> 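One structure follows; several queries about it will come next.
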Amino acid sequence: MWYQSYVDPKTPDKSLRCVVCYAESRDGIRWDKPDLELFPFYDIKKTNIVLVSNKQRSTHYGASVVVDSSEPDSFRKYKMAYWDFVGKGGKPLKGLCVAFSPDGIHWTKYPNNPVLHGAYGERDPPPLRNPLATDTHGQEPPLALAISDVIDAT
């Protein structure tokens, strides 16, 4: 099982505010959290953290994993989709990101994340003009659809 773990938003290391963790179970009732030693949590060296954020706003909302047994590339057998803020230039890009893994534990983030741009919690103009929007006659472009636990548009 892959799950998200949150800590206080005032935690100094933004990459640790919201992380993806891994646990195993034989019966779905009792769970073991293996000591993977991939990502420490401050002074705790042995954790079950398998993915941390990009130190922007630290959000891995909606992390979902798919096991693709038909994938010919063994390093991409496991696929994760998650929301994150990706630092590119001065302002981070926000959106749906993906990562790949050969074993569900060691993940590589796709270098061209985010694969789907969007807004989260703010009223962001879309990175690309909305083809369904009417002509704004020089006004502010229409807002992007938000990707969140709620869907909204203006």
Side-chain angles (χ1 to χ4, degrees), residues 1-128 143-154:
M1 169 177 69
W2 296 267
Y3 64 95
Q4 298 167 164
S5 181
Y6 301 93
V7 295
D8 188 316
K10 295 176 186 154
T11 299
D13 186 342
K14 291 181 180 180
S15 69
L16 297 176
R17 291 181 185 170
C18 179
V19 297
V20 178
C21 299
Y22 174 78
E24 299 174 336
S25 174
R26 292 187 182 273
D27 60 10
I29 297 171
R30 291 178 296 276
W31 292 88
D32 295 314
K33 299 175 184 176
D35 294 331
L36 301 173
E37 298 186 63
L38 298 174
F39 299 99
F41 187 81
Y42 295 102
D43 59 341
I44 302 169
K45 302 293 182 214
K46 295 181 178 182
T47 71
N48 63 325
I49 298 171
V50 296
L51 194 71
V52 297
S53 82
N54 297 311
K55 299 189 183 224
Q56 297 294 330
R57 282 187 48 191
S58 187
T59 53
H60 281 111
Y61 295 119
S64 299
V65 175
V66 174
V67 182
D68 185 355
S69 57
S70 65
E71 172 62 58
D73 183 345
S74 63
F75 288 97
R76 295 172 67 125
K77 180 178 178 182
Y78 292 79
K79 298 164 174 37
M80 182 188 300
Y82 61 95
W83 175 272
D84 204 356
F85 292 71
V86 180
K88 291 184 179 178
K91 185 177 180 184
L93 298 174
K94 303 164 215 131
L96 183 68
C97 298
V98 294
F100 303 98
S101 171
D103 57 9
I105 295 174
H106 301 89
W107 292 92
T108 302
K109 296 176 183 178
Y110 181 62
N112 293 322
N113 278 331
V115 294
L116 176 63
H117 298 264
Y120 183 82
E122 300 93 20
R123 297 174 58 87
D124 290 347
L128 302 173
L143 301 175
L145 289 177
I147 300 172
S148 177
D149 50 352
V150 254
I151 303 297
D152 63 334
T154 54

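All values reported here derive from a predicted model rather than from experimental measurement. Residues take their numbers from the sequence shown, with the count starting at 1.
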> Can you list everything that forms a side chain to side chain donor-acceptor pair (under 3.5 Å) with Thr47? Sequence neighbours excluded, please.
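With neighbours one apart ignored, the set is empty.
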> Got Phe75 and Phe100 here, is their nearest side-chain heavy-atom distance under 4.5 Å?
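No, their side chains stay 4.5 Å or more apart.
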> Heavy atoms only: give me the nearest Cys21-Ile49 pair and the separation to one decimal.
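Heavy atoms of Cys21 and Ile49 come nearest at SG-CG1, 4.0 Å.
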> Could you grab the distance from atom SG of Cys97 to atom CE of Met80, nearest 0.5 Å is fine?
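Reported to 0.5 Å precision, the distance equals 11.5 Å.
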> Could you check whether any side-chain heavy atom of Phe41 comes within less than 4.5 Å of a side-chain heavy atom of Val19, counting everything from C-beta outward?
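They are not in side-chain contact.
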> What distance separates Leu51 CG from Thr108 OG1, expressed to the nearest 0.5 Å?
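Output value for this atom pair is 10.0 Å.
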> Search all heavy atoms of Ile105 against all heavy atoms of Ser101 and return the closest pair with its distance.
N-OG, 3.4 Å
> Sequence neighbours excluded, which residues qualify as side chain to side chain donor-acceptor pair (under 3.5 Å) partners of Tyr3?
Asn48
> Between CH2 of Trp83 and CD of Gln4, what distance do you get to the nearest 0.5 Å?
13.0 Å
> Show me the donor-acceptor pairs within less than 3.5 Å that the side chains of residues 64-71 make with the rest of the protein, sequence neighbours left out.
from	atom 1	to	atom 2	distance (Å)
Ser64	OG	Gly62	O	3.2
Asp68	OD1	Ser70	N	3.2
Asp68	OD1	Ser70	OG	2.8
Asp68	OD1	Glu71	N	3.4
Asp68	OD2	Lys79	NZ	3.3
Glu71	OE1	Lys79	NZ	2.8
Glu71	OE2	Asp73	N	3.0

> Can you list, pair by pair, the side-chain donor-acceptor contacts under 3.5 Å of residues 28-40, counting residues two or more places apart and other chains?
from	atom 1	to	atom 2	distance (Å)
Arg30	NH1	Asp27	OD2	3.4
Arg30	NH2	Asp27	OD2	2.7
Trp31	NE1	Gly28	O	3.4

> According to ring-ring contact (aromatic ring centres under 6.0 Å, His included), who are the partners of Tyr22, at least two apart in sequence or on a separate chain?
Trp2
